[in-house]
Colleague: 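Here you go, one structure.
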Amino acid sequence: MITVGIQDNIRLIGAEKNEKGTLIVKAEQGGDGGGSLMDMLSSSSSATQENGQDYYFWPLQEDDRLDNETDKYKDALNKLKVFRAQLNHILENYMVSTNIKWDPLKGLGFTADTDLINALTDANKRQPTLDKIYDNYSTQFIAQLNAGISAKENQGKLFRMKLPRTSKDKHFSSIPKFAPFMEPMEVGKNISKLKWSRYELGFRKGDNENGPYSGLNLSDPTPVPGAAAKTKGGNEQEVKDVDELFGN
Amino acid sequence: MKKITFDFLAEMPLKEIDKSPVNVIGGKVPSPGADFRLFSDGSIYPSQERIDKDNLEFQKKESGLPEYGYDVFVSTDWSQFTSDVSFVCIAKASKHLGKVDLFGSAKYNKDGTPKSSVANQKTTAGNDLITYLEKVYCEAGEKLFDNRTFVDLKINYNSPVKETETKIYHLPKIIQKGKNAGQPTYERRESIQIFPLEIVETAASSSGSFKPEHKTDFKTEEKVEKTEVKSSAVPQEIASKLFS
């Protein structure tokens, strides 16, 4: 697996969809930056090999916690924007932006600019629309990324990537939602734009500037004892132990 | 009653307010053959030819018309550069991109029209460029503006830097504001052309001791009317090896 952190020498191998239609980007780490023995022992099923990792881009889900259609529409639109920007940022590491082409509304039958707004404000159409656009972006991203990776000028190209932990309980690395999280290795480390924000380091309002911070430190690669059991339906006592350990 | 006779006024010189370098010999217009005039206070002015050819003029906001400025940097500060030959690089960039070094921003009137032409805009955008020119072209302890108020600069279009295969560039920049001001960073550019920027020595600007000698072994000299080009151009053979 590829460890949480700002990692050098990451190579993207390709992208694909699994049987459920979820977008997966496959990566591996070159050089000596592979995971530790502990990482390997506690690795999830997403790890493809010793120094490789599958990164999942989960389908876009409408937020049921929001209680009115306008907010749900805004949330859905924002999710689409963030997803597109995330994919764009990856592709821009392989090609100039004018070569990146999207047709997110393909197959939706929309004929007017307002059709998308109407679909995302309609409770019955919102999730199917999100699913279709997610699928379009994923399909088009896979084609463009795989072509970019195999292009002569990009073969073997290595990147520096910012890879935060997945969650408090899962120490596996993930691809962040917000750019920049990827830059070519030819960019000197001294001018790298990949840095942890104070929020990502766990700083929250009211915390002392110098720490310790009360929020989740996304740069921390430390596995949580018992967390694997928790995420796979572990026993109740183990869950409580973990929660107490992290002050929940 | 005190009686004043005013005859002395005919002979008395008036004290003048110190003028900015812009108002001294030569004005803002670069010498024939030069592309820019750079003053010691960081103000810089393009030639009319550059304004026209590179669309440097500021346009009305949201007009959609093309408008460009320039990125400038030192070759050896650039992480994609594979040679140790140090020279000042310049590349045209849309003003709408981030961190464009020269002619990148203007002040606007309420109706969205620019307050001044790029040919007259008062700016200190050339300050970093002065640092770069001194770093590359001056000997230790030597200053670019020793006994002179301006220098003229020329883009060497004969020696373009070879383009990358991806046409993606990460150009070195300096953070200008905030707590990290002064620290190095970079900006992404696409499909640009990068050229050397060289100092042109003119009769008006060469009254002082400064001689634009270079740490490189550039030999080319070119006469442009009365303008002598002390060339800091990258030899073609070096340029052709870049990115190879």
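The figures here come from the full heavy-atom set of this structure, side chains too, leaving out hydrogens, waters and symmetry mates.
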Colleague: Please say whether more than 12 non-hydrogen atoms of neighbouring residues, nucleotides or ligands are located less than 6.0 Å from NZ in A:Lys79.
Modeller: yes
Colleague: Take B:Glu165 and A:Lys152 through the test side-chain contact (heavy atoms from CB on, under 4.5 Å) and record every step on the way to the result.
Modeller: CA-CA 9 Å; B:Glu165 285 187 298; A:Lys152 178 174 149 278; 2.8 Å; yes
Colleague: Please check if the number of heavy atoms outside A:Gln155 that lie under 6.0 Å from its CD is greater than 12.
Modeller: yes
Colleague: Out of curiosity, A:Asn190 CG to B:Thr185 OG1, how far, rounded to the nearest 0.5 Å?
Modeller: 10.0 Å
Colleague: Going from CD on A:Glu186 to OG1 on B:Thr82, what distance comes out if it is rounded to the nearest 0.5 angstrom?
Modeller: 11.5 Å
Colleague: Answer yes or no: is there a side-chain heavy-atom contact under 4.5 Å between A:Lys193 and B:Glu187?
Modeller: yes
Colleague: Taking CG in B:Asn109 as the centre, count heavy atoms belonging to other residues, nucleotides or ligands within less than 6.0 Å. Is the count above 12?
Modeller: yes
Colleague: Between B:Pro172, B:Ser79, B:Ser191, which has the largest tally of heavy atom pairs under 4.5 Å with chain A?
Modeller: B:Ser79
Colleague: Crowded around B:Gln193 CD? As in, over 12 foreign heavy atoms under 6.0 Å?
Modeller: no
Colleague: At a heavy-atom separation under 4.5 Å, does A:Asn99 approach chain B through its side chain, its backbone, both, or neither?
Modeller: neither
Colleague: Got B:Thr166 and A:Met95 here, is their nearest side-chain heavy-atom distance under 4.5 Å?
Modeller: no
Colleague: Of all the heavy-atom pairs spanning B:Arg188 and A:Asn93, show the shortest one and how long it is.
Modeller: NH1-N, 4.3 Å
Colleague: Flag the one option from A:Glu183, A:Lys157, A:Glu92 with the top tally of heavy-atom pairs under 4.5 Å to chain B.
Modeller: A:Glu92
Colleague: Inspect the surroundings of NZ in A:Lys177 and state if more than 12 heavy atoms from other residues, nucleotides or ligands are less than 6.0 Å away.
Modeller: no
Colleague: Count the heavy atoms of every other residue, nucleotide or ligand shown that sit under 6.0 Å from OH of A:Tyr199, and state whether that count exceeds 12.
Modeller: no
Colleague: Would you check if there is a donor-acceptor pair between the side chains of B:Glu190 and A:Thr98 at a distance under 3.5 Å?
Modeller: no
Colleague: Using every non-hydrogen atom in the two residues, find where B:Tyr186 and A:Ile191 come nearest and quote the distance to one decimal.
Modeller: CD2-O, 3.2 Å
